[in-house]
Amino acid sequence: MSKFYITTSIPYVNAPPHIGHALEFAQADAIARWRRMRGDDVFFLTGTDEHGAKIARAAEAAGKDTQVFVDEQSQRFRDLVVKLSILPSDMIRTSDKERHWPGAQEMWKRITDRGDMYKGVYKGLYCVGHEAFVTERDLKDGVCEDHGKKPEYIEEENYFFHLSEYAAEVKRQIEEGYLEVVPRSRRNEILAFLSEKVEDISFSRPARDIPWGIPVPGDSSNTMYVWCDALTNYISALGFGGSSDERMRTYWPCDVHLVGKDIARFHALIWPAMLLSAGLPLPKRIFVHGHIHSGGKKMSKSLGNVIDPFSLIETYGAEAVRYILLGHVPAFGDTDLTLDRIHELYTAHLANGVGNLVSRVTAMSVQYFEGSISRPLDALLASVPFKSDIDVLDAGDRNLKVGDVTPKTFIRDVTVPRYIISWERYRSDEALQEVMVLLRMLDRYIQDYEPFKLVKSDKEQVQAILWNLVSSIHHASYLLRPFLPGTADAIAGVLGVPPDETQEDLARRTAYTLTKRGPLFPRVDPVRNKAQTTHTPPSP
Ligand code: MSP
């Protein structure tokens with residue numbers, strides 16, 4: 001059994017979770033579930049980033065005590081995790097003094113002991129929205145484009161981390177593939193950035209200005225810079241600096257840090273440099289996903305185009321939201337999503353697609369065979385291949401000919417190999433689309449044979465057709481499991497099989513007993529569609 005450690009970034013809790021956070025949770029969850037299915041010992045970490053000026057100010061604006069505020073806000077992220085069927089192994093909070101602080105402070109001490117921390121005066125700009133020291137180069141007309149604000153000018157005595165010392169080594173590790181940055185375009189961006197002069201970075205803020213954070217060990221007049229604190233969550237959660245480092249020994253180095261494009265540099269430069277200084281191994285991979293925009297624009301409160309994950313889940317269900325995020329947001333690109341598009345996808349692919357297919361096949365099985373479908377002889381199965389056009393088969397250069405391809409051979413020769421290759425190329429969205437192609441093929445298969453007409457003349461052949469449909473739906477549900485675990489369970493319920501069957505179990509199966517259930521994806525009336533672009537979260 002090999003170990004597999006995957007993390008999401010930890011969202012700031014200054015505002016409620018948005019669809020971008022849901023995307024990152026869902027992507028990491030699908031990868032973690034896929035690895036568990038393959039038999040890996042998976043540790044999947046997520047959590048919340050709760051320190052810094054941005055959060056302290058949000059608490060003040062809300063008129064709440066900061067700790068009370070972060071307790072409430074981080075609960076909303078936990079709620080999203082549960083509602084979206086995300087199954088992390090652990091969730092860490094950076095305000096957790098027992099679990100996180102010792103690790104962050106140990107990291108600081110190690111960097112100091114290595115001689116990589118020194119006192120200096122920082123004179124320059126700070127963008128509170130980014131919680132980052134910025135230069136004129138990062139701004140447009142003196143304004144941070146992401147936050148629409150001028151950064152603050154600060155002049156203060158801070159601790160500096162000797163980042164410049166490590167830039168060349170980090171670059172080498174990326175170039176030589178020890179630290180993989182995926183996709184390649186992001187790797188190139190990072191390498192280009194590392195080819196320029198990298199400056200040392202201020203790693204603390206005066207405690208009198210920024211009291212909400214972790215005190216610098218041995219100098220409580222300073223608070224750790226929030227990124228130094230937050231990045232360490234990936235190891236504090238494993239017990240680094242705490243009483244037991246068993247998890248650290250088992251799971252570090254991390255296999256995948258999943259992060260958005262705006263924070264790639266923190267993960268591909270500052271974090272590896274901190275680890276090098278502390279004498280710890282580097283993570284193996286950083287996956288950089290794109291951002292979701294809405295109606296051609298970055299989502300923002302002022303534009304009123306923020307898509308709220310909670311109301312989407314309420315309207316369409318968690319499975320549908322996972323489907324949209326995992327199947328229609330390319331793993332690495334930017335995507336535009338609108339409520340209209342989400343509604344269209346739900347109706348076409350889920351309600352009229354998978355949902356309708358499963359209920360038609362169930363209805364026919366129950367009506368013609370009282371739900372009992374058993375495997376016919378191979379010769380009979382071979383006599384009912386796909387009749388559909390090869391372009392639907394999307395056979396590429398595989399030389400598949402209409403008349404040769406049965407649902408079983410299509411799954412074996414097309415769906416499964418492409419599904420696995422997609423995962424190996426880190427394209428989970430393409431893996432999900434392979435399953436959707438199969439399901440569309442099965443719809444087409446019903447049209448090919450029209451079993452409802454055939455049943456009067458050739459019941460035996462209809463049994464063979466239904467066997468093909470039912471066993472293929474079973475296989476499809478197995479492949480859907482990392483993406484849509486609830487749907488996979490529901491399909492298992494309809495087919496009368498245990499939800500945790502392996503691929504070997506399903507290949508050995510010789511019979512199914514189907515029962516009718518309610519629709520997997522009930523139609524949602526767009527008039528009553530309650531998904532909102534603005535969100536008034538329930539009180540925790
Ligand atoms: N707290 C830091 C991360 C610290 S990790 C040690 C942070 N938080 S965040 O809340 O601003 O962002 C969390 C994640 O959400 C980031 O990976 C970010 O890229 C992602 N997204 C923010 N907006 C997004 C979209 N519109 N679309 C997709 N992902 C988005 O950065």
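Starting from 1, each residue takes its place in the sequence as its number. On a predicted model such as this, the values are computed, not experimentally measured, just so you know. Ligands are counted one by one from 1 in listed order, and the atoms in each one are counted from 1 as well.
For Y159 and W108, the ring centers sit closer than 6.0 Å to each other.
A donor-acceptor pair under 3.5 Å is formed between the side chain of N305 and the backbone N or O of S294. With hydrogens and angles ignored, the 3.5 Å screen pairs no side-chain donor or acceptor of N158 with any backbone N or O of F160. Between the side chain of N233 and the main chain of A230, a donor-acceptor pair closer than 3.5 Å is present. Side-chain atoms of E319 come within 3.5 Å of backbone N or O of T487 as a donor-acceptor pair.
R186 forms no cation-pi arrangement with F332, by the criterion of a distance under 6.0 Å to the ring centre and an angle within 45° of the ring axis. In this structure, R38 forms no cation-pi arrangement with F4, as its terminal cationic atom is not both closer than 6.0 Å to the ring centre and no more than 45° off the ring axis.
Those atoms of ligand 1 that come under 4.0 Å of a heavy atom in A230, given as number and element, are 6 (C). Atom numbering of ligand 1 starts at 1 in the shown order; those under 4.0 Å from a heavy atom of G290 are 28 (C). Close contacts between ligand 1 and W227 involve ligand atoms 2 (C), 3 (C), 4 (C), 5 (S), 6 (C) [criterion: under 4.0 Å to a heavy atom].
The protein heavy-atom contact nearest to atom 9 (S) of ligand 1 is Y12 CD1, 3.8 Å. For atom 12 (O) of ligand 1, the nearest protein heavy atom (residue, atom name, distance) is H21 NE2, 3.9 Å. In this structure, the protein non-hydrogen atom closest to atom 13 (C) of ligand 1 is S9 OG, 3.4 Å. Regarding atom 21 (N) of ligand 1, its nearest protein heavy-atom neighbour is H291 NE2, 3.7 Å. The single protein non-hydrogen atom nearest to atom 3 (C) of ligand 1 is I10 O, 3.2 Å, given as residue, atom name and distance. Atom 28 (C) of ligand 1 has as its closest protein heavy atom G20 CA, 3.4 Å. Looking at atom 27 (N) of ligand 1, its nearest protein heavy atom turns out to be I292 N, 2.8 Å. Taking atom 31 (O) of ligand 1 as the reference point, the nearest protein heavy-atom neighbour is I263 CG2, 3.5 Å.
Geometrically, ligand 1 and N233 share no nitrogen or oxygen pair separated by less than 3.5 Å. Considering backbone and side-chain atoms alike, D49 places an N or O below 3.5 Å from some N or O of ligand 1. Residue P11 has no N or O atom closer than 3.5 Å to an N or O atom of ligand 1. Here's the thing with D262: one of its N/O atoms is less than 3.5 angstrom from an N/O atom of ligand 1.
Looking at F133, F193, W227 one by one, the single match for ring-ring contact (aromatic ring centres under 6.0 Å, His included) with F266 turns out to be W227.
If you check each of H257, H18, H267, H289 against atom 29 (N) of ligand 1, the one with the closest non-hydrogen atom is H289.
With a heavy-atom cut-off of 4.0 Å, E24 touches ligand 1 through its side chain alone.
In this structure, F266 falls outside the shell of residues with a heavy atom less than 4.0 angstrom from ligand 1. At least one heavy atom of Y234 sits less than 4.0 Å from an atom of ligand 1.
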Quiz item: Checking side chain to side chain contact (heavy atoms under 4.5 Å, CB included) for the pair S95/Q67: CA distance, chi angles, key distance, verdict?
Solution: CA-CA 8 Å; S95 69; Q67 187 64 54; 3.8 Å; yes
Practice problem: Begin from the C-alpha positions of D71 and Q75 and carry the test side chain to side chain donor-acceptor pair (under 3.5 Å) through to its verdict. | Solution: CA-CA 6 Å; D71 287 348; Q75 187 55 46; over 6 Å; no
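Taking 4.0 Å as the cut-off between side-chain N and carboxylate O, E131 and K54 do not count as a salt-bridged pair. A salt bridge does not link D255 to R35: none of the charged nitrogens lies less than 4.0 Å from a carboxylate oxygen.
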